[in-house]
2 protein chains.
Amino acid sequence: MKLSKFIKQQRKDYKLTQRDLADRAGVGLRFIRELEAEKLTLRMDKVNIVLELFGHQLEPRPLPKSE
Amino acid sequence: MKLSKFIKQQRKDYKLTQRDLADRAGVGLRFIRELEAEKLTLRMDKVNIVLELFGHQLEPRPLPKSE
DNA sequence: CGATTTTATACCTGAACGGGTATATTTCAA
DNA sequence: TTGAAATATACCCGTTCAGGTATAAAATCG
(Lines give C-alpha, C1' and ligand atoms only; values in the text may rest on other atoms or scores of the structure.)
Protein backbone atom coordinates (compact mmCIF):
# COMPACT_ATOMS: atom_id res chain seq x y z
CA MET A 1 0.00 0.00 0.00
CA LYS A 2 1.20 3.48 -0.77
CA LEU A 3 2.99 5.02 2.16
CA SER A 4 1.23 8.36 2.20
CA LYS A 5 -2.19 6.76 2.08
CA PHE A 6 -1.26 4.31 4.78
CA ILE A 7 -0.13 7.00 7.19
CA LYS A 8 -3.13 9.20 6.59
CA GLN A 9 -5.43 6.22 6.93
CA GLN A 10 -3.93 5.08 10.21
CA ARG A 11 -3.85 8.58 11.57
CA LYS A 12 -7.54 9.02 10.86
CA ASP A 13 -8.36 5.64 12.33
CA TYR A 14 -6.71 6.66 15.57
CA LYS A 15 -8.31 10.09 15.35
CA LEU A 16 -5.04 11.96 15.52
CA THR A 17 -4.26 15.35 14.04
CA GLN A 18 -1.04 15.86 12.14
CA ARG A 19 0.29 17.66 15.19
CA ASP A 20 -0.65 14.78 17.49
CA LEU A 21 1.21 12.37 15.27
CA ALA A 22 4.21 14.66 14.93
CA ASP A 23 4.44 15.07 18.69
CA ARG A 24 4.10 11.39 19.43
CA ALA A 25 6.68 10.48 16.84
CA GLY A 26 9.01 13.24 17.93
CA VAL A 27 9.29 14.63 14.41
CA GLY A 28 8.36 17.99 13.00
CA LEU A 29 4.86 18.80 11.87
CA ARG A 30 6.24 19.60 8.48
CA PHE A 31 7.63 16.14 8.13
CA ILE A 32 4.21 14.58 8.69
CA ARG A 33 2.74 16.90 6.08
CA GLU A 34 5.36 16.01 3.50
CA LEU A 35 4.92 12.35 4.33
CA GLU A 36 1.20 12.51 3.61
CA ALA A 37 1.85 14.67 0.57
CA GLU A 38 3.83 11.86 -1.06
CA LYS A 39 7.21 13.50 -0.89
CA LEU A 40 9.64 10.84 -2.05
CA THR A 41 12.92 12.17 -0.73
CA LEU A 42 12.18 11.63 2.94
CA ARG A 43 14.69 10.02 5.22
CA MET A 44 14.05 6.35 5.87
CA ASP A 45 14.71 6.46 9.60
CA LYS A 46 12.17 9.23 10.18
CA VAL A 47 9.55 7.41 8.16
CA ASN A 48 10.16 4.29 10.21
CA ILE A 49 9.77 6.18 13.47
CA VAL A 50 6.29 7.21 12.39
CA LEU A 51 5.41 3.79 11.01
CA GLU A 52 6.43 2.09 14.25
CA LEU A 53 3.72 4.01 16.08
CA PHE A 54 1.33 2.01 13.95
CA GLY A 55 3.23 -1.24 14.37
CA HIS A 56 4.78 -1.15 10.91
CA GLN A 57 8.12 -0.61 9.21
CA LEU A 58 9.50 -0.18 5.71
CA GLU A 59 10.49 -3.38 3.93
CA PRO A 60 11.40 -4.34 0.40
CA ARG A 61 8.42 -5.84 -1.39
CA PRO A 62 8.00 -7.13 -4.92
CA LEU A 63 6.71 -4.57 -7.37
CA PRO A 64 3.21 -5.13 -8.70
CA LYS A 65 3.26 -6.72 -12.14
CA SER A 66 3.19 -4.00 -14.80
CA GLU A 67 2.52 -5.33 -18.33
CA MET B 1 13.61 -9.08 5.21
CA LYS B 2 16.24 -6.62 6.29
CA LEU B 3 17.03 -4.14 3.60
CA SER B 4 20.82 -4.36 3.73
CA LYS B 5 20.78 -8.15 3.53
CA PHE B 6 18.30 -8.07 0.72
CA ILE B 7 20.38 -5.74 -1.41
CA LYS B 8 23.59 -7.61 -0.83
CA GLN B 9 21.87 -10.91 -1.52
CA GLN B 10 20.37 -9.75 -4.78
CA ARG B 11 23.58 -8.13 -5.87
CA LYS B 12 25.48 -11.35 -5.34
CA ASP B 13 22.82 -13.37 -7.10
CA TYR B 14 23.23 -11.19 -10.15
CA LYS B 15 26.99 -11.24 -9.75
CA LEU B 16 27.34 -7.48 -9.62
CA THR B 17 30.00 -5.48 -7.83
CA GLN B 18 29.03 -2.51 -5.72
CA ARG B 19 30.26 -0.32 -8.53
CA ASP B 20 28.17 -2.17 -11.10
CA LEU B 21 25.10 -1.66 -8.99
CA ALA B 22 25.90 1.97 -8.30
CA ASP B 23 26.37 2.67 -12.00
CA ARG B 24 23.21 0.88 -13.04
CA ALA B 25 21.18 2.65 -10.39
CA GLY B 26 22.77 5.98 -11.14
CA VAL B 27 23.74 6.53 -7.53
CA GLY B 28 27.11 6.94 -5.90
CA LEU B 29 29.25 4.02 -4.88
CA ARG B 30 29.23 5.34 -1.35
CA PHE B 31 25.48 5.12 -1.22
CA ILE B 32 25.53 1.42 -2.10
CA ARG B 33 28.10 0.84 0.62
CA GLU B 34 26.06 2.64 3.24
CA LEU B 35 22.98 0.80 2.10
CA GLU B 36 24.63 -2.57 2.63
CA ALA B 37 26.18 -1.34 5.87
CA GLU B 38 22.72 -0.84 7.37
CA LYS B 39 22.82 2.92 7.51
CA LEU B 40 19.34 3.95 8.57
CA THR B 41 19.24 7.58 7.53
CA LEU B 42 19.27 7.01 3.79
CA ARG B 43 16.91 8.81 1.52
CA MET B 44 13.87 6.77 0.57
CA ASP B 45 13.87 7.72 -3.10
CA LYS B 46 17.45 6.57 -3.61
CA VAL B 47 16.78 3.29 -1.86
CA ASN B 48 13.78 2.74 -4.11
CA ILE B 49 15.81 3.42 -7.23
CA VAL B 50 18.15 0.58 -6.27
CA LEU B 51 15.34 -1.73 -5.20
CA GLU B 52 13.54 -1.24 -8.48
CA LEU B 53 16.49 -2.77 -10.31
CA PHE B 54 15.57 -5.93 -8.46
CA GLY B 55 11.84 -5.53 -9.01
CA HIS B 56 11.13 -4.36 -5.49
CA GLN B 57 10.15 -1.24 -3.58
CA LEU B 58 9.79 -0.07 0.01
CA GLU B 59 6.40 -0.63 1.57
CA PRO B 60 4.96 -0.45 5.08
CA ARG B 61 4.77 -3.93 6.58
CA PRO B 62 3.61 -5.10 10.00
CA LEU B 63 6.34 -5.38 12.59
CA PRO B 64 7.22 -8.86 13.77
CA LYS B 65 5.57 -9.64 17.10
CA SER B 66 7.83 -8.63 20.00
CA GLU B 67 6.62 -9.81 23.39
C1' DC C 1 -23.31 31.97 9.78
C1' DG C 2 -18.87 32.99 12.45
C1' DA C 3 -15.21 31.00 15.44
C1' DT C 4 -11.96 27.50 16.17
C1' DT C 5 -9.28 23.84 14.67
C1' DT C 6 -6.82 21.55 11.20
C1' DT C 7 -4.28 21.46 7.10
C1' DA C 8 -1.50 23.67 3.36
C1' DT C 9 2.08 26.75 1.61
C1' DA C 10 6.28 29.65 1.94
C1' DC C 11 10.60 31.23 3.89
C1' DC C 12 15.04 30.90 6.71
C1' DT C 13 18.63 27.99 8.59
C1' DG C 14 21.47 24.30 10.87
C1' DA C 15 22.57 19.69 10.14
C1' DA C 16 23.54 15.90 7.38
C1' DC C 17 23.05 13.17 3.15
C1' DG C 18 25.50 11.74 -0.77
C1' DG C 19 28.91 12.43 -4.45
C1' DG C 20 33.68 12.23 -5.39
C1' DT C 21 38.16 10.93 -4.17
C1' DA C 22 42.15 9.08 -1.69
C1' DT C 23 43.76 5.58 1.13
C1' DA C 24 43.53 1.14 3.79
C1' DT C 25 42.00 -3.48 4.06
C1' DT C 26 40.18 -7.65 2.34
C1' DT C 27 39.20 -11.03 -1.22
C1' DC C 28 40.48 -14.00 -4.71
C1' DA C 29 42.50 -15.98 -8.68
C1' DA C 30 46.90 -17.35 -11.03
C1' DT D 1 52.72 -15.81 -2.42
C1' DT D 2 51.70 -11.95 -5.30
C1' DG D 3 49.08 -8.68 -7.79
C1' DA D 4 44.67 -6.98 -9.20
C1' DA D 5 39.96 -6.36 -8.07
C1' DA D 6 36.52 -5.50 -4.62
C1' DT D 7 35.24 -3.62 -0.37
C1' DA D 8 35.81 -0.55 3.68
C1' DT D 9 37.04 3.82 5.87
C1' DA D 10 37.90 8.80 5.96
C1' DC D 11 37.72 13.43 4.24
C1' DC D 12 35.85 17.79 1.67
C1' DC D 13 31.85 20.07 0.20
C1' DG D 14 27.53 21.29 -2.52
C1' DT D 15 22.83 20.25 -2.12
C1' DT D 16 18.78 19.56 0.41
C1' DC D 17 16.22 17.61 4.18
C1' DA D 18 13.66 18.84 8.17
C1' DG D 19 12.72 21.92 11.98
C1' DG D 20 10.62 26.18 13.25
C1' DT D 21 7.70 29.88 12.23
C1' DA D 22 4.35 32.83 9.90
C1' DT D 23 0.48 33.14 6.97
C1' DA D 24 -3.34 31.43 4.18
C1' DA D 25 -6.75 28.21 3.04
C1' DA D 26 -9.88 24.63 4.27
C1' DA D 27 -12.55 21.94 7.32
C1' DT D 28 -15.26 21.32 11.43
C1' DC D 29 -18.76 22.59 14.63
C1' DG D 30 -21.94 25.28 17.62
Side-chain angles (χ1 to χ4, degrees):
Chain A
M1 179 180 187
K2 189 186 270 184
L3 181 60
S4 56
K5 299 264 185 192
F6 178 81
I7 296 290
K8 190 171 255 179
Q9 180 77 55
Q10 292 283 313
R11 182 170 67 77
K12 299 279 186 184
D13 290 351
Y14 285 97
K15 302 213 187 304
L16 301 173
T17 66
Q18 290 177 337
R19 171 153 295 289
D20 290 335
L21 184 53
D23 290 345
R24 295 197 192 197
V27 301
L29 176 54
R30 244 199 43 185
F31 181 82
I32 300 293
R33 300 221 166 105
E34 293 177 335
L35 183 52
E36 295 191 356
E38 302 183 34
K39 185 172 177 180
L40 302 177
T41 59
L42 303 170
R43 269 174 45 180
M44 226 176 31
D45 61 329
K46 304 261 175 196
V47 175
N48 273 322
I49 288 173
V50 177
L51 279 178
E52 278 161 24
L53 291 181
F54 301 127
H56 282 64
Q57 69 185 146
L58 288 177
E59 274 190 34
R61 298 290 298 172
L63 283 166
K65 298 232 147 103
S66 57
E67 57 234 57
Chain B
M1 180 179 188
K2 188 186 272 183
L3 182 60
S4 55
K5 299 263 185 192
F6 177 81
I7 296 291
K8 190 170 256 181
Q9 181 78 54
Q10 292 283 313
R11 182 170 66 80
K12 299 280 186 181
D13 290 351
Y14 285 97
K15 303 215 187 302
L16 300 173
T17 67
Q18 291 177 337
R19 169 152 298 289
D20 289 336
L21 184 53
D23 289 344
R24 294 196 194 198
V27 301
L29 176 55
R30 240 197 47 184
F31 181 82
I32 299 295
R33 300 221 167 106
E34 294 176 333
L35 183 53
E36 294 191 356
E38 303 183 33
K39 184 171 179 182
L40 302 176
T41 58
L42 303 170
R43 269 174 48 180
M44 222 177 33
D45 61 329
K46 304 255 177 199
V47 175
N48 273 322
I49 287 173
V50 176
L51 281 177
E52 277 160 25
L53 291 180
F54 300 127
H56 283 63
Q57 70 186 147
L58 288 177
E59 273 190 35
R61 298 290 300 170
L63 281 167
K65 296 228 150 103
S66 60
E67 64 244 40

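Chain letters run A, B, ... following the sequence lines, proteins first, then strands; residues in each count from 1.
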Atom-to-atom span, [atom1] of [X] to [atom2] of [N] - whole angstrom:
X	N	atom1	atom2	result
B/K39	C/dA16	NZ	P	10 Å
A/L21	C/dT7	CG	C1'	14 Å
B/R33	D/dA10	CZ	C1'	12 Å
A/K8	C/dT7	NZ	C1'	9 Å
A/E34	C/dA10	CD	C1'	12 Å
A/I32	C/dT7	CD1	C1'	13 Å
B/D45	C/dG18	CG	P	8 Å
A/E36	C/dT9	CD	C1'	15 Å

Closest listed nucleotide, where the reference is the side chain of [X] and the choices are [options]:
X	options	answer
A/T17	C/dT6, D/dA18, C/dG19	C/dT6
B/K46	D/dT16, C/dA8, C/dG19	C/dG19
A/L42	D/dA18, C/dT9, D/dT9	D/dA18
A/R30	D/dG19, D/dT7, D/dA8	D/dG19

Determine the interplanar angle of the B/Y14 and B/F54 rings, folded into 0 to 90°, and report it as parallel if under 30°, tilted if 30 to 60°, perpendicular if over 60°. parallel

Let me spell it out: for each of B/A37 and B/D20, pick the nucleotide of DNA chain D with the closest heavy atom. Which residue's pick is nearer the 5' end?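 Closest to the 5' end, via its nearest nucleotide, is B/D20.
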
How far apart are the closest heavy atoms of A/E36 and A/S4, and which atoms are they?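 Reported closest heavy-atom pair: O-CB, 3.6 Å.
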
A/K46 and A/V50: CA distance, side-chain angles, deciding distance, side chain to side chain contact (heavy atoms under 4.5 Å, CB included) verdict: CA-CA 7 Å; A/K46 304 261 175 196; A/V50 177; over 6 Å; no

Side-chain N or O of A/Q18 closer than 4.0 Å to phosphate OP1/OP2 of C/dT5: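 No, outside the criterion.
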
Would you say A/R11 places a side-chain N or O within less than 4.0 Å of OP1 or OP2 belonging to C/dT7? yes

Which part of the nucleic acid, if any, lies within reach of A/R43 when heavy atoms closer than 4.0 Å are counted: base, sugar-phosphate only, or nothing? sugar-phosphate

Comparing B/V27 and A/L29 on DNA chain C - which has the more 5′ nearest nucleotide: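 Result: A/L29.
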
May I have the step-by-step check of side chain to side chain contact (heavy atoms under 4.5 Å, CB included) for B/V47 and A/L58, ending in yes or no? CA-CA 11 Å; B/V47 175; A/L58 288 177; over 6 Å; no

Run the side chain to side chain contact (heavy atoms under 4.5 Å, CB included) check on A/L21 and A/I7 step by step: do they pass? CA-CA 10 Å; A/L21 184 53; A/I7 296 290; 4.0 Å; yes

